[in-house]
Structures are given as structure tokens and as C-alpha cells.
Amino acid sequence: MVRLKDRYLLVNIVYADIPPGQKGPVPDLLLYNQPTIGELRPQTILKGIRSQVNALFGDCGSGSVERSLQVKYLSTATSTFILRISRAHCRLVWAALTFMDRLPVKDGRPCIFRVVRVSGTIRKVEEEAIRRAKLLVLAAKDEMAGKASSDALNALFRGGKDSARNLAMVNDDHDDAEMDEGEVSDG
Amino acid sequence: MDNNKKQSASGKAAADSKKRKEAPLNQNQQGKESRPPARPQKRVKFQDARNIRSQPSDAALDDGKLDLQKFLNAREFEIKALETSMRKCKSANATRVFQQVPREMRRRTASHNAKRVPKRLRDRAKREMMEDNTPTVEARKRRPRTTRARIRAENAKRLEKLAARKRKRALQNDAGGENKDEPGKTTIQTRAPRPKIRRDTLNEPPKPKSKFKKRQINKTWLPTHLWHAKRATMTESTKPLWRFAIPLTPTQKCYRPTHRASGQKGTVYWDTSYMSTVRLYGAAGGIEQVLKALGLVQEGLWGNRGRRWRSGTRTWSGMVSRQQRNSRRDIGPATILWNPTPTAETAAPESNTTELKKTQRQILIRTHPSCFLELFDELVKLAKLQTPQVHIEDLRFEIGSIELTGPGSTETLLAVLQPYHTEERHGQVFSSLVGVTNPASLPKDAVLGFSIKDPRLSYPPKRVDTASKVSDSALLDTLTQWSVEEQVKPYGLFDLHVRFKASSLPPQKSINRRKGASIPGQEMQVTAADPPIPVIVFASRPAAGGQAQGTWTLLAPWKCILPIWYSIVHYPLSTGGNPRLGGLNEQRQIAFEQGTTWFPGDFLGTNAGVVWEMEQRAQRKKAWDRRPKGKRIEWASLDLGAGRKGEIGDGLACDFEHLFGLPTDPSPSSSEDQSTSDVDPNAMDLQPGEEAEAAAKLGKVHKNTVPSLTTIEQMKKTEFQALISSVDSGRPPPRSIISVNITFVTRGVANACARIYRLPSRPSATTTVPSSETEVPATDPVAAGMGSLPADLRDQWLQKLPGNKSGSRPTKATTAHAAPHMPRDVGQGTRKQLMAKSLLSGDPLPYPRPAANQTDIGGGHPLCPGEEDLIGFVTAGAYSLSEGKGTAVGAISAEKAFDTVKESGTKEGRLCIVRNAGENVGWLARWELV
């Protein structure tokens, strides 16, 4: 069928440092899944990605990304957002996200933009986001009960393992070399 | 000022003419309930549905600090937000109800007209149309656009006024007249006029209602025309087929469903009321003479074996023919049925034969409309010769018929045809057929004639209770004994009065009234107002025999076809679903799948078949002409290999003129010669009135074609077989053809007009050319003459037989031509070596690479034989769903077939090569006589 073909990326923002006002020990789970403080708005994210794409791929790259890049969902409370990009240029954006190391705001905190899911429909991305949120809820409940406190990273990567498999399914049409690159950025 | 106004008005008109208008603004619809403009509203709805709610970051922080509980809440909120978003998106999707309707219930314009969707969806459709602001137009209220439409609309208005005035006057008259007529209220009862059928002339078609008169000027509608016109592709209105509007194929796709319904599960039914019926009556001896003159001379028919047929409990089906100068020419297929005599003839002793010959008998001849005229004229001629004279009645629009085939056909008929009199023997036998799944399992050509109740009384038809079937052994007894001879009475269908009485069925309104008055669920009782409907049903077997499904044919008065039809259509089959509608194409499809011939398409030896072929040629020519030049087959440049260029004969025709060397473009003088003068009277003499046009048409076609194609004769299977098996030197007549059924040995699918070759003969020893000649130089094919066909071509073809293991690849030399293949399962190193070798060898691959066909034809695949080996043409071919491979029906020259079979035996002589017109690849096939 002839139509516009898009890809949806589910991206998590992962922090590794303790926020400025925090006192006392912070459980790992909270540390890695911090809310995003500050003026992060869809436009700023787009601006950051575009400038990164421009730096990496030049005018051609930024021109091709310009048109179709869109933020479908941004939740600063959970540091999650969903991007839409045309299928042909999905990898440019992904690469740009991989290379970004701070929030694209003034005096942005260092962070990682982690692409956890790529899909052709927003529905599947949403399902993945729900699944991950549920995992985190379970981990948080465990944490509150005071057991298995060390497993925060595990919760993070348990989702990651599965999503890597999903990615393989999504990217079936790409060849192996590209696939390898995808896994690296995922981990 | 004025100008401005005009502009704005025109602007508005332009906006109006847009396909979908913006929703009317609120102030425009003051009277109605005001609702917001529909489309913006819808857009807002979609946007809202796609928006996913999210929280600010503060929600996850407790006073700027990380907190587990807040973290948990934020995640839960996210889950909820995403879930609601997904749910809303799904409910706000863009499908409309008419898209959910199953395919067989889809109707045109369902998007504009809520009445086209099923009732349960109608409300939703209305609401959606309102939301979407779909423009709706009621045909009744549409402003007439064309001049013709405007005149019609004005006329209708005027007529309406006139009718109102008339009604008013009638009312006044009634009011005045009531007082006058009060004392003696004697009204005259009139009855519907009985139809008159003149003997020995053609019957007039029924007078259509004035509303439909104009549409039937040059054709006649079937009794079920209005039903069919909505559900099937009919013949073009200006080009009727055999002067009838005939359903060609259902609107719905049905190729495979028809195959299933006709063979495995279900039923296919046709309204075959277009088939022509003739009644012959007079002294038995005279009728016998007439029939013998029509070619029914087999010993079996008139001796003791034909006793059942002559008593009227069996039919005879076959080709009838007429005498020409010194040969017989086929007219077409006919079914002949005797009317039983009241005193059972079977008991009469053979001694008083003269007495028997004088008894008055009647027969019914049912034939195809395309050959009807020819047969009718022949009958008139023959009947006049008899003393005492035999008379003919044309019952074409008096008797209609329905045909059913498939495993469920018996069941369907059992549910619909309920015997009127319980004591009728044939009715009893028919009712005892519960459980029969193939009409061919009845005795061959069995006939049952009885009267049935009006099927509308038991409408909707109930499923036949197969559980109530007595037992398998009882059914088997019925089928083997088939005791229908005792106390057999004349069939009512032969009787004009009985037919007429049946035709005056009570109107549907009165049936509805009676149904309303009776208790729900109770069967309606037959009253004096319901006449019995005389019917004759007979089962026929396909010529192929074997396990193929037979066909039921139901003959009933023309006017009773419609009520019977409705019941058949709505019968709930025990295997699920309803019977399926078939058209002319489906009839041909089923015949093709059973490997039998279909009249008139596969009978080139008859006049009707020739007319059909001519029409097909014209159609193909028209379709070919319509194609752009680059996309149609250029016949002259077809490369058949070995230097042969161009298609043999006309590529758009089964070109028997070419095969037999007949003139293709006849001059007027040649149309006078010999046998054609026999044909012409049939074509031209056709009497007055409604047939004149047909005659003109037939005559026109004949004038062009008579001289050549009609000199071809059809040879019967039995005659040909007798010739083959006989030892003496009899040969088939020169321009004769036999019908064959062709099955491909391995692969290949034939289309109509495909060429059939016999296997090329081996050249005599002296002229043998070495087999390496197969390698026809691709660079210079023209230089190689016709003589360069390889000498071992026959062996090459024989090696294509699947049993022949040695010969999938004919010679090493031929394969050398093709590009070398990289061998499989070799290592990377070997591959590289091979590659380097091929690059360095200096033997470059031909570029551009030759088409697969070309390498095939020049190399792997044997070439088509020469023109001298052409023996015939395919009339119908396709991939057969029942065989699982390509099959075809065609005709081949009897003389050449005879020679081939005599030369190389029945096994190898029946191998042939079939090549589609316009292609250069032939495939090996085997022909069987049909």
C-alpha cells in the first residue's frame, strides 16, 4: 500500500547522578529513573536532536529529519517520550540520541537518551511503555517492602533484554551490520 | 453592485459543486436543531483521542526530593494515561459501518444511502452520515439535469395530475352509481384470456407490462429477469443473446465457489427458461418418421430397449441432425420426451403394431435457442410430409425451466416441489428420493411428471429432514427398481388447459392475507383457489460419466417459474448456506471441469457453433484493437524458432479455414455453392414478425461466413471409434472435425484459440540430419530455412513424457548454449577460482541475456512442429480446478487424427502439442474423444 511510513521511538532519559537538593542515600531504582526537572518541552527536545543531527550528518541529515520529526508524548515525571520520524531517517535520529549526553536545555544535566523500542505503530510503543512502567511499579513495591533492593539495574535491563528481541523483529528488513549497531546503542 | 452579487453567487455555486460540502453553518439551519459544524468537531474529536495526557515533573518529586511513593504514583498515572489513549484511539477510528458488512451483503452506494446497509446497522449509518455531512440525494427528488430527464419529469407531473383527476371522477361516479345499481347487482365475471398457440408457426413472446415494454423490444426477458438484473451481469441491452436477456455471470466473484458448489458441497441453479420447447403431436407412426429423419435411427430406440423411452418414463438426449444433399449435418443437442398414453402402452402386445402406429401421441423436444430456428424449420418441413399430418406447437414462452446441479440439488428440489396429489405415483417416487446426493445416481435419463402445490404456500422453504429418510436400502431399492411405469398418466405439462390453470395462480397479496389469518407457524392449507402446477423433472448425467455430478432439469409453466425460483433461492441447505446462482459462464465452466463439450461454443460443426465462433472472433478482435500498439500481440513478428515467423492463420480465431484451406474472405459467388444453399433457407426464410430481425442478423453473419466454416462437419465419437477399429480402408470425410478433451501431461495451460499439433513424424532414413541441428544459431535465424527443424524432434518431444527419465535434458550440446551455472555446495575458494576462470576464458556471456523463452526454445525445450502437423484448435481452456492441471476442450481434424492414430497406435497417436496463440512454447498433452 502506498502511504507515509513512520517509525515511533520510545526513549527513556536515564540519569546517573544524584540531584542537587537530595540528601541521604538514594535507592538505585530511583536514581536511574529520576524525573526530569527543568524546562524540558517538546520543542527543546526537537531542537536538541536537530542540532545533534546537524553536527553528525550535516545539512543533508538535518534537512531530511526536519520535516517528519515530532514528539508524540512527553512525560517529564517519568522521563519518557515518544518520537515519530519517517522510516527512512529513523536511524539518523537514533544515532543523534545516542550521542547526546546532556539535557538540551540551558545547563542541562548529564544523562543518556536510551531508545528502548522502535515500532511502526504508536500502539505497540505504548504497549511497551506500559509494560516497562508495570515492571518498575513491581520493582518499586519490592523496594518498599525492603527486599531485593539491589535489583534496580536488573529491572531496567530486564526490560532491555526483551526490547532487544523486539528490536530484532522490527528491524528484520535491515541487514546484519545495522542490526549490530542497534544492539550496541540499546545496551 | 449587481456585478458583485453575480460574482458572489457564482462563487457560491462553485463551492456547491464541490463533492463534499462543508457542513452548513448554524444560521443556515435555523429551523432544525442546531448542531456544531460537523467536520471541525470531528477533527477535535480525533485530536483529543490521539493526545496522551502527562504529568509535570513535580508530580514525581516530594518537595524536590526523590520519593518512592511519588515515583510509584507517577508510573501508575502513566500506565493509565497510555491505556486510555489506546482505548480512545480505537473507538475513534475512521471506519464506517458499511465497511463492516460482509461481502455478499455489500451494496452499491451504501456510503450514501443508509437503506443499503442491513437493518441492524442502519441507525449507526445514519448517524455517521450526519456527522460526516455525507451528501445524500434521493433519486425521486433529484433535479433533472438532462433534457430528456426534464421532459420525463414534466410528463410525470402531468400524468400525476391526470391520474388524480381520473381518480376523482371515478369516485364521483361510484357515489352516483351506487344508488342506481342497488337493486340487481349483476356483474359479469371475466376470465383471463387463454393463450392461443397456433400450430406449425412460431409462438409470440408474452406481452410485457407496458412499463417494461420498451426494454423488451428486441429481446424477451426471462421470467426471473428483474431478480437477475440486480444480481448478475446480463447480456448487453442492445446485444441480446439468442433474443433473450440472459444472465452471463453473477456480479459476485464466484469461480471457485461455483466449482465447490457443483462438485463437493452445495448447489448451483440456473433459470434456463430461454431453452426452447416444441410439442409434436399426431399419429405415433408419423412422429416416429419425423424423429428418424432427425437422426434418431439407433436400433435401440425403436426396438424393445427403447420401450421405456417411448412410454414416456425416460428421456433421450443427443444431437439431432438433418439431411443435406448427400450428408447429414448436426443441428444441435435436443432432449426428446414422449407423453405417456392413458392406457399404459407397456402392457399392449406387440402384435397389433399398425394399431399402435395410429394412436395419437405427443412428444416434447427441448433444444437450445441458438439452433431452435433451424430445428423448427426442419420439423415443419418433415411434419408436412407425413400422412396423416403431424403438427407442431412452439411452446417457447409457455414452458420455462430451471436447472440445478451439485450434491444439494435433490434436497433443494425435494423441499420446493411438494406433490399436490398424494396418490400420484411419480410424486411418491420423487418424495422418496431423500438422501440422494447425486442426480446421476438415478436411472439414466429418468423422468418424473407430477403436479405440485404452489411453493409460496410453504415459503420460506424448510430444510428437508434427512433423518426421516427410511433407510439406505429402501432408497437403493427405489433407485434400482424405479417402478414408475404402472398406472402412469399423461403429463399435465403437455396440456394447454392445465398449464393455463396453473398460470393463473392467486396473487401474492391474497397469499399474504391468508398467511396473516392463519396461526403462526402452521402450514397453509391448499384451497380450491390454488391450482396444481404441472411439472416434469428429469435427471441427466454428464457425458463424461464417472463420479461427476448430474443435473436436474425442472420444466414448469412459464408463469410458475418465478414462485418456484424464489423458493429455490432461499432454501437453507443441510450443508449450510444457500444454493448459488449460476450464469452462462458458470454453465460453461462446469462443462469444462467435467471435461465435456458445451453447446454452442464447442460445436464448430453446427451452424449455431459457427455463429458463436464468429461472434467470439469479433469480440476478440475488438478487444485486441482496443489495446495500445505496444501492448498487443503482433502476430506477424511471432518467432516460432527454426526461422519460422508469424502466427499460423489468424491468432484471434480457431482458424479452421486455414487448417482446411477454405477461403477466408468469401466472395458473394462462392456463397451460392453446394451445401450453403442448404443453410441459407434456414437463415433467410424466417417468417414474419418477431423473428425477422433474428433472421436478418443470422443471415448477415451467414453471408459472411457460410461459405467456409459451415462446410465443416462434426464427426461423432462412435463413428470415429468404429473407423479406427475397422480393418478396411474407410477414411473419415475430408472436412470433418472431432471434439476432444485435452489434458496436459506435465505443465502448461491453454487458452481459447490455442493451436493443437500432432507429434512430428520421423523423417525417412535417407534425409536424416544429425541431431546437433537442434542448435539453431541464435544470431541468424532467418538464414536457416524451414528445413532446419531438427530431425529428432519427435524423440525430443517423447522424452518430455514424465516416465522418460533419460530425457529431461535432451543433449549436452544444447545446454552448452545456456549460461554456465555456479555449482552448488562449493567452497568460497572454488567459487573464486571458477569466477576467475570464467572471466579470463574470454567467452563472454551474451548480453543482454536472452529471454528464458528463447533459450528454452533454442536450447532446452523442443520446438513446435511445423504447420503440416497442425491438427486443430482449442475452443475452451484453463487451469482445471477438478483436475489440478491445465485442461482444454477443442476440436481436431478427424482425418489427421485418424492418420496419426493409425500410424503410431492409440497410445502415442493421442499425444499432441498445444501452443497458445501468440506464444512460441508448446506443451505436451494427450487428447481423448468426447
Side-chain angles (χ1 to χ4, degrees), chain A residues 10 13 15 18-42 70-82 84 121-146 149 152, chain B residues 19-20 39 42-96 98-101 103 106 111 132 253 827-828 831:
Chain A
L10 177 64
I13 308 172
Y15 300 92
I18 296 167
Q22 191 73 23
K23 281 174 233 138
V26 180
D28 283 352
L29 183 69
L30 285 187
L31 183 68
Y32 296 131
N33 299 296
Q34 287 175 32
T36 303
I37 314 159
E39 289 299 293
L40 190 67
R41 284 179 298 124
Q70 196 187 354
V71 176
K72 293 304 260 187
Y73 169 68
L74 168 64
S75 154
T76 46
T78 54
S79 297
T80 309
F81 61 95
I82 297 174
R84 191 198 68 182
T121 57
I122 197 166
R123 187 189 161 79
K124 284 287 169 193
V125 166
E126 284 172 341
E127 277 172 8
E128 171 69 11
I130 290 173
R131 198 183 65 84
R132 297 181 74 84
K134 277 181 181 163
L135 277 180
L136 285 177
V137 166
L138 286 181
K141 276 184 180 156
D142 284 355
E143 185 80 37
M144 281 164 102
S149 58
Chain B
K19 204 164 183 194
R20 174 145 320 173
R39 296 189 79 192
K42 199 163 195 180
R43 185 175 304 149
V44 167
K45 194 174 135 197
F46 278 133
Q47 272 171 355
D48 182 46
R50 283 181 193 147
N51 190 25
I52 311 169
R53 287 196 304 143
S54 62
Q55 279 178 315
S57 54
D58 302 337
L61 291 170
D62 182 27
D63 251 351
K65 288 187 200 98
L66 297 175
D67 182 64
L68 214 50
Q69 187 56 48
K70 291 274 180 182
F71 173 85
L72 212 62
N73 292 348
R75 302 288 150 179
E76 269 162 6
F77 178 87
E78 185 182 53
I79 292 172
K80 245 178 234 150
L82 289 169
E83 270 172 352
T84 38
S85 148
M86 277 157 69
R87 207 170 40 241
K88 268 198 292 186
C89 255
K90 198 173 182 190
S91 65
N93 66 356
T95 55
R96 303 233 334 229
F98 64 84
Q99 292 171 306
Q100 301 170 5
V101 179
R103 194 161 69 173
R106 296 226 177 122
S111 60
D132 212 30
K253 283 185 182 180
Q828 194 67 26
R831 264 168 193 269

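The figures here come from the full heavy-atom set of this structure, side chains too, leaving out hydrogens, waters and symmetry mates. The sequence lines fix the lettering, A, B, ..., with proteins before strands; numbering per chain opens at 1.
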Contact between [X] and [Y] at the side-chain level, heavy atoms closer than 4.5 Å - yes or no?
X: Glu126(A); Y: Ser85(B); result: yes
X: Glu83(B); Y: Ile130(A); result: yes
X: Glu143(A); Y: Leu30(A); result: no
X: Tyr73(A); Y: Leu10(A); result: no

Salt bridge (Lys or Arg N to Asp or Glu O under 4.0 Å) partners of Lys124(A), counting only residues at least two apart
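Counting only residues at least two positions away or on another chain, Lys124(A) forms a salt bridge (Lys or Arg N to Asp or Glu O under 4.0 Å) with Glu127(A).
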
Can you tell which of Gln55(B), Met86(B), Lys65(B) has the highest number of heavy-atom pairs within less than 4.5 Å of chain A?
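Counting heavy-atom pairs under 4.5 Å, the top option is Met86(B).
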
Gap separating the CD atom of Glu39(A) from the OG1 atom of Thr76(A), nearest 0.5 angstrom
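Rounded to the nearest 0.5 Å, the CD-OG1 separation comes out at 9.5 Å.
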
Between atom CG of Asp67(B) and atom CG of Leu61(B), what is the distance when rounded to the nearest 0.5 Å?
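Going from CG on Asp67(B) over to CG on Leu61(B), the span is 9.0 Å.
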
What residues of residues 74-81 of chain B make heavy-atom contacts with chain A at a cutoff under 4.5 angstrom?
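Result: Ala74(B), Arg75(B), Glu76(B), Glu78(B), Ile79(B).
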
Run the numbers on Thr36(A) and Ser79(A) for side chain to side chain donor-acceptor pair (under 3.5 Å), then give the verdict.
CA-CA 6 Å; Thr36(A) 303; Ser79(A) 297; 2.8 Å; yes

At a 4.5 Å cut-off on heavy atoms, which part of [X] comes close to chain B: side chain, backbone, both, or neither?
X: Val137(A); value: both
X: Thr78(A); value: both
X: Leu74(A); value: backbone

Which atom names give the shortest non-hydrogen contact between Ala77(A) and Ala60(B), and what distance separates them?
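That would be O-CB, 3.4 Å.
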
Chain A contact via Arg50(B) - side chain, backbone, both or neither, heavy atoms under 4.5 Å
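Neither part.
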
Measure distances from Asn51(B) to the heavy atoms of chain A and classify the residue's part below 4.5 Å as side chain, backbone, both or neither.
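Nothing of Asn51(B), per the 4.5 Å heavy-atom cut-off to chain A.
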
